[in-house]
Amino acid sequence: MMFLEELSTFIGRWHPLLVHLPIGMLVLAFAMAIVDRFGRKQLYPNAIRFSLLLGAVAAIVAAITGYLLSRNGGYQTEVLQFHQWLGVGVAVVSVGAFLLYLDRPTSSKWVHILRQQRFMFILTAVALLAFTGHFGGTLTHGEGYMKDALPTAIKSTLGIAPEKEELLTLTNAQEAVVYKEIVQPILKQRCQSCHGEKKREGGLALHNPESLLQGGEGGFVLVNGDTAKSELYSRLVLPPGHEKRMPPKGRTPITSDQIKLISWWIGSGADFEKKAKEIKQPKEILAILTKLESGQQEEASLYASLPAAPTLPEEKIQAWQAKGIKVMPIAADNNMVVISAVNYPQFNDKDLEDLLQIKDNVVQLKIGHTAITDEGMKTAAQFPILHRLHLEYTSVTDEGLSYLHSLAHLSYINLVGTKVTTSASTHLEKIPQLKHVYAFKTELREANGGGEKFKTFVDTGNYVLPILATDTIMY
């Protein structure tokens, strides 16, 4: 019995090769049948019969090997059933088409009627082939493998909206169980379409701790405390285009923050039960956890829905950079930029007006600790794709905020240490997409008591750190 089981597994592994034979044979028969049906002379009756015979036999063999392969498991059940029964349908219909093309003498009325429709049998077989191939591709490459690969221009023409991913957010990052609430959601989002409970490419599943520890056909993928030897991490940092890089080309890439979180978890011992507060956190990891807690996204994904930005004027960029105004692209292949005046505290309203030359490129203005005033807010309101505005420790007041209601994409504003008052809430509520307001050391904090009136989250600062049993320094 063991021999027969192993033999069936071996035969099943031939399915990916054999499945292409009926495709070629039946499509060839269909092409010749079209010529014979609509041409003046019937040129290919014998060739059609021969192609249909080979195609029918190949379809039967492909169906058998496919069934044997499916017994190994690891496939999405519903999709597998569609693929399986459509494949059986191809075999049955192609056999019927072959028999109808034999043209043997018969006195049966029904056979004569069916022979008149034999072209439709081939057409049906080819249609079933297309659907069978689609579900086979879905089993191999995941849901939406064809649609996702369409050029952006075609997607826009067809009205196919980019798929929106649910952003991972944490109510209290320090209380979160690192594996369950941080690592596992990342693996589910980026890896489990190929390495999950229903589909296990390379024998690897990542949907629970047991499968993760078990590894795949290539061995273990997780070595506690050693990121370099853990393929779960090392495959993520291979150069783009590398055949072993994960996720593979064509899939949504994992972000740098997500890679750092996985590396941190593995390097700290890959414990499945510990909370974030129980694991040592470098400053970089602490910053990422804070972003998860506040709901902020990484730069590239935050602006993914915006149209392509125009080309940047290189000479002007160089002039601004020489002055101390940083112009930083959000990604290597993107013309959208972040403006930072961190090294130029003299930055003023006139400098901001000069930046209007690239207003269609600027998604973030970091102009805190500068000489910007309320007058400059009139200019800031003219940046059409501005998402984030840093005004901390400037002389901006309630009057300046009154000019910002036209910023349709503004979701973040930092007002720490400014002269805004309780009246600022009236102006902030008019900014349509505003989600985060930082107002520590302002009258808005005292007067508004934490932002109950806002539809957005208002961070008023003044935090008190809880004392943990493991603390060695008290603040």
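All values derive from a computational prediction rather than experimental measurement.
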Inset, instruction - Would you check if L389 and I367 make a side-chain contact, meaning some heavy-atom pair closer than 4.5 Å? - result: yes
Inset, instruction - Answer whether the closest heavy-atom distance between the side chains of L386 and V363 falls below 4.5 Å. - result: no
Among [options], whose side-chain contact (heavy atoms from CB on, under 4.5 Å) with [X] holds?
X: L289; options: E284, Q174, K277; value: Q174
X: L428; options: L410, L434, L404; value: L434
X: I266; options: V183, L232, N224, D226; value: L232

Indicate yes or no for a side-chain donor-acceptor contact from [X] to the backbone of [Y] under 3.5 Å, with no hydrogens or angles considered.
X: S263; Y: K260; value: no
X: D360; Y: A309; value: no
X: H405; Y: Y403; value: no
X: Q281; Y: A276; value: yes

Legend entry - Salt bridge flag under 4.0 Å for residues E231 and R235: yes
Inset, instruction - Please check if atom OH in Y44 has more than 12 non-hydrogen atoms from other residues, nucleotides or ligands closer than 6.0 Å. - result: no
Inset, instruction - Flag yes if more than 12 heavy atoms outside K180 fall under 6.0 Å of its NZ atom; otherwise flag no. - result: no
Legend entry - Closest heavy-atom pair and its distance - Q382, K359: O-CD, 3.5 Å
Inset, instruction - Please check if any side-chain donor atom of Q258 sits under 3.5 Å from a side-chain acceptor atom of T255, or the reverse. - result: yes
Inset, instruction - Please check if any side-chain donor atom of H390 sits under 3.5 Å from a side-chain acceptor atom of Q364, or the reverse. - result: yes
Side-chain donor-acceptor contacts of residues 47-59 below 3.5 Å, not counting sequence neighbours, with atom names and distances?
| from | atom 1 | to | atom 2 | distance (Å) |
| --- | --- | --- | --- | --- |
| R49 | NH1 | Y101 | O | 2.8 |
| R49 | NH2 | N46 | OD1 | 2.3 |
| S51 | OG | A47 | O | 3.1 |

Legend entry - Pair F272 and W265, ring centroids less than 6.0 Å apart: yes
Inset, instruction - Step through it carefully: locate the ring centre of Y438, locate the ring centre of Y412, and say whether they are under 6.0 Å apart. - result: yes
Legend entry - Spacing of W264 atom CH2 and L261 atom CG [to the nearest 0.5 Å]: 7.0 Å
Inset, instruction - Kindly compute the distance separating CD1 (I186) from CG (L206), expressed to the nearest 0.5 Å. - result: 12.5 Å
Inset, instruction - With sequence neighbours left out, write down each residue that passes ring-ring contact (aromatic ring centres under 6.0 Å, His included) with H15, or none if nothing qualifies. - result: none
Inset, instruction - Sorted by first residue and then second, give each side chain to side chain donor-acceptor pair (under 3.5 Å) pair with at least one member in residues 84-97; sequence neighbours left out. - result: none
